[in-house]
Amino acid sequence: MLNLVLFGPPGAGKGTQADFLIEKFKLIHLSTGDLLRNEIAAKTELGIEAKRLMDKGFLASDSIVISMIKSKLQENFDANGFIFDGFPRTVEQATALDHLLEEKGTPVSGMLCLCVEKEELINRILHRGKTSGRSDDHDVSIIENRIRIYNEKTKPLTEFYAAQNKFYKIDGMGSVEDIANRLIETISSL
Ligand code: AMP
């Protein structure tokens, strides 16, 4: 199985690139942001609680996102592999993912980290906000909070995966196609 962690700050292009990669490598796309937005749209109790945090740019609780991923892994037992997009975001989530995949007898193949400059991240998110309908894509102070939380809680995962020799840094600047080609080249070498 090919299990890819697509990593990077908000606005790095993870969702856009995941769309290419699922086609190319026939993988299942698991985005915890999308799963949480589905809960919000369905107005579940979990969704109402998650929206409160997401709207301010804070993370949802580890236990919620871990259990969502766990059930998706169980549902897709015959998959070719998975692209994890926006997950893991904390060391606790990364550790849980390792355990969940261990139970399936298949490890994380690689963590692909898209590097993009902060100014470009903010521009991309504001641009996306014009059509995304996402309440966390409009306000610069909320976007900056999301980037700050990424730097504090999520970025340390680069070391977590580097310690397992699974960290791959990808230049996330340039055209969507160029970035996709860089990702494909790295994934093909895994
Ligand atoms: P995303 O769609 O990945 O940009 O995520 C949007 C928002 O959903 C984040 O700012 C968090 O509030 C929440 N979220 C998504 N994935 C996670 C996760 N793995 N852990 C905690 N919160 C998450």
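Below, each value reflects all heavy atoms present in this structure, side chains not excepted, and no hydrogens, waters or symmetry copies. Both ligands and their constituent atoms are indexed starting at 1 by order of listing.
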Problem set entry | Test: Lys14 and Asp85 ion pair at under 4.0 Å | no

Problem set entry | Contact partition for Leu59 relative to ligand 1, non-hydrogen atoms under 4.0 Å | both

Exercise. Between atom CD1 of Ile22 and atom CD of Gln17, what is the distance when rounded to the nearest 0.5 Å?
Worked result: 12.0 Å

For this session: For residues His127 and Arg124, determine if any side-chain heavy atom of one lies less than 4.5 Å from a side-chain heavy atom of the other.
Result: no

Exercise. With no hydrogens and no angle check, do the side chains of Asn3 and Ser109 hold a donor and an acceptor under 3.5 Å apart?
Worked result: no

Problem set entry | Heavy-atom nearest neighbour of atom 3 (O) of ligand 1 within options Arg89, Glu92, Lys153 | Arg89

Problem set entry | Residue pairs fulfilling ring-ring contact (aromatic ring centres under 6.0 Å, His included) with at least one residue in residues 166-190, sequence neighbours excluded | none

Exercise. In terms of atom number and element, which parts of ligand 1 are under 4.0 angstrom from non-hydrogen atoms of Arg146?
Worked result: 4 (O)

Exercise. Does Asp85, backbone or side chain, put an N or O under 3.5 Å from an N or O of ligand 1?
Worked result: no

Problem set entry | Identity and separation of the nearest protein heavy atom to atom 22 (N) of ligand 1 | Ala60 N, 2.9 Å

For this session: Run the contact test for Leu53 against ligand 1 with a 4.0 Å cut-off on heavy atoms, strictly below, and give the result.
Result: no

Exercise. In ligand 1, which numbered atoms sit nearer than 4.0 Å to a non-hydrogen atom of Gly33?
Worked result: 2 (O), 5 (O), 15 (C), 16 (N)

Problem set entry | ligand 1 contact on Arg134 by region, counting heavy-atom pairs under 4.0 Å | side chain

Problem set entry | Spacing of Ile149 atom CD1 and Arg89 atom CZ [to the nearest 0.5 Å] | 10.0 Å

For this session: Could you give me the CA-CA distance, side-chain angles and deciding distance for Phe82 and Leu73, then say whether side chain to side chain contact (heavy atoms under 4.5 Å, CB included) is met?
Result: CA-CA 9 Å; Phe82 297 90; Leu73 290 177; 3.7 Å; yes

Seminar exercise, completed: closest protein heavy atom to atom 8 (O) of ligand 1 is Met54 CE, 3.2 Å

For this session: Kindly determine whether Glu144 and Arg148 satisfy salt bridge (Lys or Arg N to Asp or Glu O under 4.0 Å), including the steps that lead there.
Result: CA-CA 6 Å; Glu144 282 187 331; Arg148 183 181 61 80; over 6 Å; no

Exercise. Hey, is ligand 1 close enough to Pro88 that some N/O pair sits below 3.5 Å?
Worked result: no

Problem set entry | Per-atom contacts of ligand 1 with Gln93, taking only distances under 4.0 Å to non-hydrogen atoms | 18 (C), 19 (N), 20 (N), 21 (C)

Problem set entry | Element-labelled atoms of ligand 1 that are located less than 4.0 Å from some non-hydrogen atom of Leu36 | 8 (O), 13 (C), 14 (N), 15 (C), 23 (C)

Exercise. For ligand 1, is Arg37 a contact, meaning one of its heavy atoms is under 4.0 Å away?
Worked result: yes

For this session: Mark up the atoms of ligand 1 that fall under 4.0 Å of a heavy atom belonging to Phe58, in ascending order.
Result: 11 (C), 12 (O)

For this session: Find the distance between NE2 (His99) and OG1 (Thr95) and round it off to the nearest 0.5 Å.
Result: 6.5 Å

